[in-house]
2 protein chains.
Amino acid sequence: MTELLKSKKISETPFRKEVLAIFRNYTNAIPLSTVEKELKEYNRITLYRTIKIFIEKGIIHEITISGEESNYAICHEECSTAAHHHQHIHFKCSSCKKIFCVEVDQFPSIILPNYKIKQLEIQATGLCQKCNV
Amino acid sequence: MTELLKSKKISETPFRKEVLAIFRNYTNAIPLSTVEKELKEYNRITLYRTIKIFIEKGIIHEITISGEESNYAICHEECSTAAHHHQHIHFKCSSCKKIFCVEVDQFPSIILPNYKIKQLEIQATGLCQKCNV
DNA sequence: TAATATTTGCAACATTGTTGCAATAAATAT
DNA sequence: ATATTTATTGCAACAATGTTGCAAATATTA
(Lines give C-alpha, C1' and ligand atoms only; values in the text may rest on other atoms or scores of the structure.)
Protein backbone atom coordinates (compact mmCIF):
# COMPACT_ATOMS: atom_id res chain seq x y z
CA MET A 1 0.00 0.00 0.00
CA THR A 2 2.95 2.33 -0.47
CA GLU A 3 1.22 3.10 -3.75
CA LEU A 4 -0.83 5.80 -2.05
CA LEU A 5 1.77 8.51 -2.57
CA LYS A 6 2.09 7.68 -6.24
CA SER A 7 -1.66 7.60 -6.69
CA LYS A 8 -1.81 11.10 -5.24
CA LYS A 9 0.91 12.16 -7.66
CA ILE A 10 3.57 13.16 -5.19
CA SER A 11 7.11 11.82 -5.04
CA GLU A 12 7.67 8.79 -2.90
CA THR A 13 10.49 9.70 -0.54
CA PRO A 14 11.71 7.80 2.54
CA PHE A 15 10.59 10.63 4.79
CA ARG A 16 7.05 10.67 3.43
CA LYS A 17 6.80 6.89 3.60
CA GLU A 18 7.86 6.96 7.21
CA VAL A 19 5.35 9.66 8.15
CA LEU A 20 2.60 7.74 6.37
CA ALA A 21 3.55 4.55 8.19
CA ILE A 22 3.33 6.34 11.53
CA PHE A 23 -0.20 7.53 10.82
CA ARG A 24 -1.17 4.02 9.75
CA ASN A 25 0.07 2.61 13.02
CA TYR A 26 -2.46 4.63 14.97
CA THR A 27 -6.19 4.11 15.17
CA ASN A 28 -6.51 7.55 16.73
CA ALA A 29 -5.55 11.01 15.54
CA ILE A 30 -2.14 12.25 16.65
CA PRO A 31 -0.44 15.63 17.00
CA LEU A 32 2.83 16.65 15.33
CA SER A 33 4.69 16.04 18.59
CA THR A 34 3.83 12.34 18.38
CA VAL A 35 4.92 12.09 14.76
CA GLU A 36 8.15 13.80 15.73
CA LYS A 37 8.89 11.29 18.49
CA GLU A 38 8.34 8.33 16.22
CA LEU A 39 10.49 9.59 13.37
CA LYS A 40 14.00 8.20 13.19
CA GLU A 41 15.39 11.43 11.83
CA TYR A 42 13.27 14.40 12.58
CA ASN A 43 13.42 17.61 10.62
CA ARG A 44 10.89 20.23 11.65
CA ILE A 45 10.70 22.00 8.32
CA THR A 46 10.33 18.88 6.25
CA LEU A 47 7.65 17.61 8.61
CA TYR A 48 5.64 20.82 8.27
CA ARG A 49 5.88 20.58 4.52
CA THR A 50 4.97 16.92 4.50
CA ILE A 51 1.89 17.50 6.66
CA LYS A 52 0.88 20.40 4.44
CA ILE A 53 1.06 18.41 1.23
CA PHE A 54 -0.62 15.37 2.82
CA ILE A 55 -3.56 17.57 3.77
CA GLU A 56 -3.70 19.16 0.31
CA LYS A 57 -3.70 15.77 -1.37
CA GLY A 58 -6.34 14.35 0.97
CA ILE A 59 -4.04 11.83 2.60
CA ILE A 60 -4.62 13.12 6.11
CA HIS A 61 -6.98 15.64 7.66
CA GLU A 62 -6.61 18.08 10.50
CA ILE A 63 -8.73 18.03 13.64
CA THR A 64 -8.73 21.18 15.72
CA ILE A 65 -10.18 21.34 19.19
CA SER A 66 -10.23 24.59 21.17
CA GLY A 67 -7.21 25.09 23.36
CA GLU A 68 -5.42 21.99 22.10
CA GLU A 69 -2.64 21.13 19.72
CA SER A 70 -3.96 20.20 16.27
CA ASN A 71 -4.33 16.50 15.59
CA TYR A 72 -4.04 14.65 12.32
CA ALA A 73 -5.46 11.39 11.05
CA ILE A 74 -5.46 9.34 7.89
CA CYS A 75 -8.32 10.08 5.54
CA HIS A 76 -10.59 7.31 4.41
CA GLU A 77 -11.74 6.69 0.87
CA GLU A 78 -14.51 9.25 0.90
CA CYS A 79 -11.99 12.10 1.30
CA SER A 80 -11.36 13.93 -1.92
CA THR A 81 -8.64 16.45 -2.55
CA ALA A 82 -11.14 19.21 -3.18
CA ALA A 83 -13.39 18.95 -0.15
CA HIS A 84 -13.08 16.81 2.91
CA HIS A 85 -16.56 15.41 3.28
CA HIS A 86 -16.68 13.05 6.19
CA GLN A 87 -19.47 10.86 7.33
CA HIS A 88 -17.61 10.57 10.56
CA ILE A 89 -17.41 12.62 13.69
CA HIS A 90 -14.37 13.54 15.74
CA PHE A 91 -14.58 12.00 19.15
CA LYS A 92 -12.43 13.13 22.04
CA CYS A 93 -12.32 10.79 25.01
CA SER A 94 -12.26 12.71 28.27
CA SER A 95 -10.63 9.75 30.01
CA CYS A 96 -7.78 8.56 27.76
CA LYS A 97 -7.65 11.92 25.94
CA LYS A 98 -7.37 10.24 22.56
CA ILE A 99 -9.12 11.61 19.51
CA PHE A 100 -10.85 9.20 17.17
CA CYS A 101 -12.63 9.47 13.86
CA VAL A 102 -15.82 7.48 14.32
CA GLU A 103 -18.08 6.51 11.46
CA VAL A 104 -21.74 7.33 12.01
CA ASP A 105 -24.64 5.48 10.41
CA GLN A 106 -27.14 8.26 10.62
CA PHE A 107 -25.29 11.49 10.17
CA PRO A 108 -27.52 14.22 11.57
CA SER A 109 -28.87 17.13 9.59
CA ILE A 110 -29.78 20.58 10.79
CA ILE A 111 -32.26 23.03 9.38
CA LEU A 112 -31.65 26.73 9.82
CA PRO A 113 -34.29 28.98 8.30
CA ASN A 114 -32.77 31.38 5.75
CA TYR A 115 -29.35 29.77 5.93
CA LYS A 116 -28.02 27.30 3.42
CA ILE A 117 -25.94 24.59 5.06
CA LYS A 118 -23.45 22.88 2.79
CA GLN A 119 -21.42 20.89 5.28
CA LEU A 120 -21.48 19.83 8.92
CA GLU A 121 -18.52 19.06 11.10
CA ILE A 122 -19.21 17.41 14.42
CA GLN A 123 -17.00 17.01 17.45
CA ALA A 124 -18.12 14.88 20.36
CA THR A 125 -16.69 14.55 23.85
CA GLY A 126 -17.26 11.64 26.18
CA LEU A 127 -16.00 8.14 26.83
CA CYS A 128 -14.56 5.98 24.09
CA GLN A 129 -15.23 2.24 23.69
CA LYS A 130 -12.30 1.24 25.86
CA CYS A 131 -12.92 3.73 28.64
CA ASN A 132 -16.71 3.30 28.73
CA VAL A 133 -16.78 0.19 30.90
CA MET B 1 -24.37 46.22 31.51
CA THR B 2 -20.80 46.93 32.57
CA GLU B 3 -21.82 44.88 35.59
CA LEU B 4 -20.81 41.69 33.77
CA LEU B 5 -17.18 41.87 34.85
CA LYS B 6 -18.17 42.39 38.48
CA SER B 7 -20.67 39.56 38.34
CA LYS B 8 -17.89 37.28 37.12
CA LYS B 9 -15.73 38.48 39.99
CA ILE B 10 -12.92 40.00 38.03
CA SER B 11 -11.67 43.56 38.32
CA GLU B 12 -13.27 46.11 36.09
CA THR B 13 -10.44 47.83 34.27
CA PRO B 14 -10.60 50.22 31.29
CA PHE B 15 -8.85 47.68 29.09
CA ARG B 16 -11.28 44.89 29.89
CA LYS B 17 -14.27 47.16 29.42
CA GLU B 18 -12.98 48.17 26.03
CA VAL B 19 -12.43 44.60 24.91
CA LEU B 20 -15.88 43.63 26.11
CA ALA B 21 -17.42 46.56 24.24
CA ILE B 22 -15.69 45.46 21.04
CA PHE B 23 -17.15 41.96 21.29
CA ARG B 24 -20.59 43.43 21.95
CA ASN B 25 -20.37 45.52 18.80
CA TYR B 26 -20.16 42.42 16.66
CA THR B 27 -22.89 39.95 15.87
CA ASN B 28 -20.28 37.57 14.52
CA ALA B 29 -17.22 35.97 16.07
CA ILE B 30 -13.95 37.83 15.58
CA PRO B 31 -10.25 36.95 15.72
CA LEU B 32 -7.66 38.65 17.92
CA SER B 33 -6.44 40.67 14.95
CA THR B 34 -9.81 42.40 14.77
CA VAL B 35 -9.85 43.14 18.50
CA GLU B 36 -6.35 44.53 18.12
CA LYS B 37 -7.36 46.92 15.35
CA GLU B 38 -10.29 48.26 17.32
CA LEU B 39 -8.40 48.87 20.53
CA LYS B 40 -7.23 52.43 21.15
CA GLU B 41 -4.12 51.27 22.92
CA TYR B 42 -3.10 47.79 22.06
CA ASN B 43 -0.88 45.67 24.25
CA ARG B 44 -0.33 42.15 23.02
CA ILE B 45 0.36 40.60 26.40
CA THR B 46 -2.56 42.22 28.17
CA LEU B 47 -4.86 41.19 25.34
CA TYR B 48 -3.78 37.55 25.60
CA ARG B 49 -4.36 37.61 29.32
CA THR B 50 -7.72 39.32 28.94
CA ILE B 51 -8.90 36.77 26.39
CA LYS B 52 -7.70 33.96 28.63
CA ILE B 53 -9.57 35.16 31.69
CA PHE B 54 -12.70 36.00 29.66
CA ILE B 55 -12.75 32.40 28.44
CA GLU B 56 -12.17 31.01 31.93
CA LYS B 57 -14.99 33.10 33.33
CA GLY B 58 -17.39 32.19 30.57
CA ILE B 59 -17.59 35.68 29.12
CA ILE B 60 -16.45 34.66 25.66
CA HIS B 61 -15.80 31.33 23.95
CA GLU B 62 -13.29 30.23 21.37
CA ILE B 63 -14.20 28.88 17.96
CA THR B 64 -11.49 26.98 16.13
CA ILE B 65 -11.76 26.03 12.51
CA SER B 66 -9.04 24.01 10.79
CA GLY B 67 -6.41 26.11 9.11
CA GLU B 68 -7.82 29.38 10.41
CA GLU B 69 -7.09 31.91 13.10
CA SER B 70 -9.14 31.28 16.25
CA ASN B 71 -12.27 33.33 16.59
CA TYR B 72 -14.00 34.53 19.73
CA ALA B 73 -17.55 35.49 20.54
CA ILE B 74 -19.58 36.61 23.53
CA CYS B 75 -21.19 33.79 25.46
CA HIS B 76 -24.89 33.82 26.05
CA GLU B 77 -26.67 33.13 29.33
CA GLU B 78 -26.48 29.37 29.08
CA CYS B 79 -22.67 29.44 29.25
CA SER B 80 -21.37 28.52 32.65
CA THR B 81 -17.83 28.90 33.87
CA ALA B 82 -17.42 25.15 34.30
CA ALA B 83 -18.55 23.84 30.95
CA HIS B 84 -19.50 25.67 27.82
CA HIS B 85 -22.70 23.96 26.83
CA HIS B 86 -24.16 25.60 23.81
CA GLN B 87 -27.41 24.98 22.12
CA HIS B 88 -25.97 26.78 19.19
CA ILE B 89 -23.80 25.82 16.27
CA HIS B 90 -20.89 27.68 14.75
CA PHE B 91 -21.67 28.73 11.26
CA LYS B 92 -19.05 29.84 8.80
CA CYS B 93 -20.30 31.63 5.73
CA SER B 94 -18.33 30.66 2.64
CA SER B 95 -19.29 33.91 0.96
CA CYS B 96 -18.70 36.71 3.50
CA LYS B 97 -16.32 34.52 5.56
CA LYS B 98 -17.92 35.58 8.83
CA ILE B 99 -18.45 33.15 11.67
CA PHE B 100 -21.72 33.25 13.57
CA CYS B 101 -23.14 31.50 16.59
CA VAL B 102 -26.60 30.40 15.54
CA GLU B 103 -29.21 29.11 17.95
CA VAL B 104 -30.81 25.84 16.94
CA ASP B 105 -34.28 24.72 17.96
CA GLN B 106 -33.72 21.04 17.58
CA PHE B 107 -30.16 20.32 18.53
CA PRO B 108 -29.29 16.96 17.00
CA SER B 109 -28.21 13.93 18.97
CA ILE B 110 -26.00 11.09 17.88
CA ILE B 111 -25.92 7.52 19.07
CA LEU B 112 -22.64 5.64 18.96
CA PRO B 113 -22.82 2.05 20.23
CA ASN B 114 -20.40 1.49 23.13
CA TYR B 115 -19.45 5.15 23.36
CA LYS B 116 -20.85 7.58 25.86
CA ILE B 117 -21.34 11.02 24.37
CA LYS B 118 -21.39 13.87 26.85
CA GLN B 119 -21.26 16.85 24.56
CA LEU B 120 -21.58 17.74 20.90
CA GLU B 121 -19.99 20.64 19.10
CA ILE B 122 -21.18 21.42 15.63
CA GLN B 123 -19.66 23.56 12.94
CA ALA B 124 -21.54 24.28 9.75
CA THR B 125 -20.38 25.80 6.50
CA GLY B 126 -22.62 27.41 3.93
CA LEU B 127 -24.37 30.68 3.22
CA CYS B 128 -25.53 33.00 5.98
CA GLN B 129 -28.83 34.86 6.01
CA LYS B 130 -27.41 37.90 4.22
CA CYS B 131 -25.49 35.99 1.56
CA ASN B 132 -28.22 33.40 0.88
CA VAL B 133 -30.29 35.51 -1.49
C1' DT C 1 21.84 6.37 -17.73
C1' DA C 2 21.27 11.31 -18.60
C1' DA C 3 18.12 15.26 -18.20
C1' DT C 4 14.52 17.30 -15.67
C1' DA C 5 11.69 18.07 -11.83
C1' DT C 6 10.97 17.73 -7.03
C1' DT C 7 12.31 17.45 -2.28
C1' DT C 8 15.33 18.17 1.52
C1' DG C 9 17.72 20.77 5.08
C1' DC C 10 20.16 24.87 6.43
C1' DA C 11 20.04 29.73 7.77
C1' DA C 12 17.37 33.27 8.76
C1' DC C 13 13.21 35.25 9.82
C1' DA C 14 8.10 36.02 11.20
C1' DT C 15 4.39 35.09 14.16
C1' DT C 16 2.25 33.58 18.24
C1' DG C 17 2.12 32.77 22.96
C1' DT C 18 4.29 32.68 27.89
C1' DT C 19 6.68 34.13 32.34
C1' DG C 20 9.00 36.93 36.13
C1' DC C 21 8.82 41.10 38.00
C1' DA C 22 8.31 46.01 39.27
C1' DA C 23 5.08 49.77 38.70
C1' DT C 24 0.42 50.87 38.63
C1' DA C 25 -4.41 50.68 39.34
C1' DA C 26 -8.61 48.61 41.48
C1' DA C 27 -11.09 46.69 45.40
C1' DT C 28 -11.61 46.38 50.26
C1' DA C 29 -11.31 47.72 55.02
C1' DT C 30 -10.74 51.38 58.09
C1' DA D 1 -12.28 59.76 52.12
C1' DT D 2 -8.11 57.36 52.69
C1' DA D 3 -4.91 53.66 53.78
C1' DT D 4 -4.14 48.79 53.01
C1' DT D 5 -4.50 44.82 50.41
C1' DT D 6 -5.06 42.56 46.18
C1' DA D 7 -5.09 42.24 41.27
C1' DT D 8 -3.67 44.02 36.77
C1' DT D 9 -0.59 46.10 33.50
C1' DG D 10 3.45 46.43 30.58
C1' DC D 11 8.30 45.67 29.90
C1' DA D 12 12.09 42.52 28.89
C1' DA D 13 13.21 38.26 27.79
C1' DC D 14 12.15 33.95 26.25
C1' DA D 15 9.81 29.69 24.11
C1' DA D 16 7.22 27.60 20.68
C1' DT D 17 5.36 27.44 16.18
C1' DG D 18 5.42 28.23 11.45
C1' DT D 19 7.50 30.24 6.89
C1' DT D 20 10.81 31.38 2.95
C1' DG D 21 14.98 31.52 -0.24
C1' DC D 22 18.26 28.81 -1.84
C1' DA D 23 21.83 25.26 -2.87
C1' DA D 24 22.60 20.34 -2.50
C1' DA D 25 20.59 15.93 -2.83
C1' DT D 26 17.24 12.79 -4.39
C1' DA D 27 13.35 11.04 -7.24
C1' DT D 28 11.08 10.85 -11.65
C1' DT D 29 10.98 10.91 -16.60
C1' DA D 30 12.81 10.53 -21.07
Side-chain angles (χ1 to χ4, degrees), chain A residues 1-23 29-73 81 99, chain B residues 1-23 29-73 81 99:
Chain A
M1 284 285 266
T2 330
E3 301 299 308
L4 179 59
L5 296 173
K6 277 182 183 163
S7 79
K8 298 288 183 179
K9 284 168 188 159
I10 57 169
S11 301
E12 196 176 63
T13 69
F15 192 93
R16 287 175 181 169
K17 284 203 243 179
E18 205 186 340
V19 172
L20 192 54
I22 292 168
F23 280 115
I30 53 174
L32 289 191
S33 55
T34 300
V35 180
E36 173 190 337
K37 276 171 213 144
E38 301 240 351
L39 280 168
K40 289 190 211 85
E41 282 187 50
Y42 163 64
N43 181 283
R44 224 171 88 257
I45 297 159
T46 307
L47 182 54
Y48 278 128
R49 288 198 271 224
T50 301
I51 294 297
K52 202 174 189 178
I53 201 168
F54 277 16
I55 292 173
E56 278 169 24
K57 298 293 176 179
I59 295 170
I60 60 173
H61 63 278
E62 189 182 20
I63 301 164
T64 50
I65 294 183
S66 294
E68 294 193 31
E69 216 178 342
S70 281
N71 280 263
Y72 303 89
T81 309
I99 293 165
Chain B
M1 284 287 267
T2 330
E3 301 299 307
L4 179 60
L5 296 173
K6 277 184 184 163
S7 77
K8 298 290 183 177
K9 283 165 187 161
I10 57 169
S11 302
E12 195 177 65
T13 69
F15 193 93
R16 286 175 181 168
K17 283 202 243 179
E18 204 186 340
V19 173
L20 192 54
I22 292 168
F23 280 115
I30 53 174
L32 289 192
S33 55
T34 300
V35 180
E36 173 191 337
K37 274 171 214 144
E38 301 240 350
L39 280 167
K40 288 189 211 86
E41 281 186 49
Y42 162 64
N43 180 284
R44 223 172 88 259
I45 297 159
T46 307
L47 181 54
Y48 278 127
R49 288 200 271 226
T50 302
I51 294 297
K52 202 174 190 178
I53 202 168
F54 276 16
I55 292 173
E56 276 167 27
K57 298 291 176 179
I59 296 170
I60 59 172
H61 63 279
E62 190 183 20
I63 301 164
T64 51
I65 294 183
S66 295
E68 294 193 32
E69 217 179 342
S70 280
N71 280 262
Y72 303 89
T81 309
I99 293 166

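Here the structure is a predicted model, which means the values were calculated and not measured.
- Looking at heavy atoms from C-beta onward, A:S11 lies in side-chain contact with A:R16 at the 4.5 angstrom threshold.
- Protein atom NZ of B:K17 is 19 Å distant from nucleotide atom P of D:dA7, rounded to whole Å.
- A:V35 has its side chain within reach of A:L47: a pair of non-hydrogen atoms, C-beta onward, lies under 4.5 Å apart.
- Here A:T46 contributes atom OG1 and A:I51 contributes atom CD1; the two are 11.5 Å apart, rounded to the nearest 0.5 Å.
- Taking CG of B:L4 as the reference point, atom CD1 of B:I10 lies at 8.0 Å (rounded to 0.5 Å).
- Atom OH of B:Y48 and atom C1' of D:dC14 are 14 Å apart (whole Å).
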Listing time: all N or O pairs from protein to nucleotides 28-30 of chain D that are below 3.5 Å?
from, atom 1, to, atom 2, distance (Å)
D:dT28, OP1, A:E12, N, 2.9

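- Protein atom CZ of A:R49 is 16 Å distant from nucleotide atom P of D:dA25, rounded to whole Å.
- Put simply, chain A comes within 4.0 Å of DNA chain C, heavy atom to any atom, from C:dT6 to C:dA11, going 5' to 3'.
- For the side chain to side chain donor-acceptor pair (under 3.5 Å) test, no residue two or more places apart in sequence or in another chain qualifies with B:E36.
- Between B:I55 and B:Y72, some side-chain heavy-atom pair lies under the 4.5 Å cut-off.
- For the pair A:E18 (side chain) and A:L39 (backbone), a donor-acceptor distance under 3.5 Å is absent.
- Residue contacts for A:R16: at a heavy-atom cut-off of 4.0 Å it reaches the sugar-phosphate backbone alone, with no base atom in range.
- Spacing between atom CD of A:E62 and atom C1' of D:dG18 amounts to 12 Å, rounded to whole angstrom units.
- Note that CD1 of A:I30 and CD of A:E69 are 10.5 Å apart. Values are rounded to the nearest 0.5 Å.
- Applying the side chain to side chain donor-acceptor pair (under 3.5 Å) criterion to A:S70, with sequence neighbours excluded, gives A:E62.
- Rounding to the nearest 0.5 Å places CD1 of A:I22 at 8.0 Å from NZ of A:K40.
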The test is side chain to side chain contact (heavy atoms under 4.5 Å, CB included); show your working for B:T13 and B:K17 and say whether it passes. CA-CA 6 Å; B:T13 69; B:K17 283 202 243 179; over 6 Å; no
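- Straight-line distance from the CZ atom of B:F54 to the C1' atom of D:dT8: 12 Å, rounded to whole Å.
- Looking only at side-chain heavy atoms (C-beta outward), A:N71 and A:T64 stay at 4.5 Å or farther from each other.
- Listed in residue order, the members of residues 33-45 of chain A having a heavy atom less than 4.0 Å from DNA chain D are A:R44, A:I45.
- The nearest pair of heavy atoms linking B:F54 to B:L20 is CE2-N, 4.1 Å.
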Dot-bracket for DNA chain D, please. Rules: Watson-Crick or G-U, both distances under 3.5 Å, ( ) within the strand, [ ] when a pair crosses earlier ones, | for another strand, . otherwise. ||||||||||||||||||||||||||||||
